[in-house]
Amino acid sequence: ARLLDQRRLDEWLALWSSDGMYWIPQQHGQQSPYDHISLAWEDKMLREVRVKRLTNARNWSQQPVTRTARLVGNVTAAGYDAAGSLVVHSVFQMTEWRKGEPRQWAGNMSHKLEAHGDSWRIRFKRVDLVNCEAVQESIQVFI
């Protein structure tokens, strides 16, 4: 959360496993990104493309640059899944300031983390927005 708020996006990308997936479902209780449209379903390449777009000085949608502040809480380690990844759940609130207007995001997050030497890598991040079924303006940032 801190890396994203500080726009240290390359460092945030380095936290991911090579096969990591970032998912924002479009429906409450959505079980699969393949059976229904999602707000985001991004692999390594798509995350990197988004970072390049967000940091490009000629990107008009980032004039001025989007700013965010996040609050993450209720962090719970839920144990290991069948693949051996540590499953962690949390809740969040995020304020995004873009084009002179604040926008609020809130919801639940689930991370699946895999051991990588003496640290961890993100293998999967799921963001369940409270208002996922609402009509969304373009999501410019990683939530």
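All values below were derived from every heavy atom in this structure, side-chain atoms included, with hydrogens, water molecules and symmetry-related copies excluded. Not measured: the values here are computed from a predicted model.
The side chain to side chain contact (heavy atoms under 4.5 Å, CB included) with Phe92 is formed by just one residue from the set Leu129, Val75, Asn108, Leu71; it is Leu129.
Closest non-hydrogen pair, Pro33 versus Trp23, comes out as N-CZ2, 3.4 Å. Looking at every heavy atom in both residues, Arg50 comes nearest to Ala40 through NH2-CB, 4.2 Å. Looking at every heavy atom in both residues, Gln136 comes nearest to Asn131 through NE2-O, 2.9 Å. Smallest separation of non-hydrogen atoms from Gln93 and Ala106: CG-CB, 4.2 Å. Considering every non-hydrogen atom in both Asp128 and Arg126, the closest pair reads OD2-NE, 2.8 Å. Across all non-hydrogen atoms, the minimal contact from His28 to Val130 is NE2-O, 3.1 Å.
The closest side-chain heavy-atom distance from Leu9 to Leu4 is below 4.5 Å. Contact check for Trp16 versus Lys44: no side-chain heavy atoms found under the 4.5 Å cut-off.
Side-chain atoms of Asn59 come within 3.5 Å of backbone N or O of Arg53 as a donor-acceptor pair. A donor-acceptor contact shorter than 3.5 Å is absent between the side chain of Arg98 and the backbone of Gln140. Looking only at distances, no side-chain donor or acceptor of His111 sits under 3.5 Å from a matching main-chain atom of Leu86. When atom types are taken as modelled, the side chain of Asp81 and the backbone of Val87 share no donor-acceptor pair closer than 3.5 angstrom. Side chain of Ser17 to main chain of Ile122: a donor-acceptor pair is present (N/O by atom type, distance under 3.5 Å, no hydrogens or angles). In terms of modelled atom types and a separation under 3.5 Å, the side chain of Gln30 and the main chain of His36 share a donor-acceptor contact. Of the possible polar contacts, none joining the Gln26 side chain to the Ile24 backbone as a donor-acceptor pair under 3.5 Å is found.
Ion pairing between a basic and an acidic side chain is recognised when a charged N comes within 4.0 Å of a carboxylate O; Arg121 and Glu114 show no such pairing.
Transitive grouping of hydrophobic side chains (ILVMFWY, heavy atoms separated by less than 4.5 Å) keeps Ile139 and Met21 in distinct clusters. Criterion: ILVMFWY side-chain heavy atoms under 4.5 Å apart, direct or through other members. Under it, Val72 and Trp105 are part of a common hydrophobic cluster. The same ILVMFWY cluster, assembled from side-chain heavy atoms under 4.5 Å apart, contains both Leu54 and Val127. Tracing side-chain contacts under 4.5 Å through hydrophobic residues (I, L, V, M, F, W, Y), one never reaches Tyr34 starting from Leu39; they form parts of separate clusters.
By the 6.0 Å contact criterion, CD on Glu133 is enclosed, its count of non-hydrogen atoms from other residues, nucleotides or ligands being greater than 12.
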- request: Go through the steps to decide whether Glu137 and Arg103 satisfy the test side-chain contact (heavy atoms from CB on, under 4.5 Å), and finish with yes or no.
  value: CA-CA 10 Å; Glu137 188 177 320; Arg103 182 158 69 161; 3.2 Å; yes

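Seen from the ring of Phe142, Arg47 does not count as a face-on cation partner, given the 6.0 Å and 45° thresholds.
Note: Thr95 OG1 to Arg67 CZ = 14.5 Å, rounded to the nearest 0.5 Å. With rounding to the nearest 0.5 angstrom, the OH atom of Tyr22 is 5.0 Å from the CD1 atom of Ile143. Atoms OH and NZ, on Tyr80 and Lys112 in that order, are 14.0 Å from each other to the nearest 0.5 Å. Here the OG1 atom belonging to Thr68 is positioned 5.5 Å from the CE atom belonging to Met94, to the nearest 0.5 angstrom. Rounding to the nearest 0.5 Å gives a distance of 6.5 Å between OG1 of Thr66 and CZ of Arg7. Here CG of Leu13 is found 13.0 Å from CZ of Arg8. Values are rounded to the nearest 0.5 Å.
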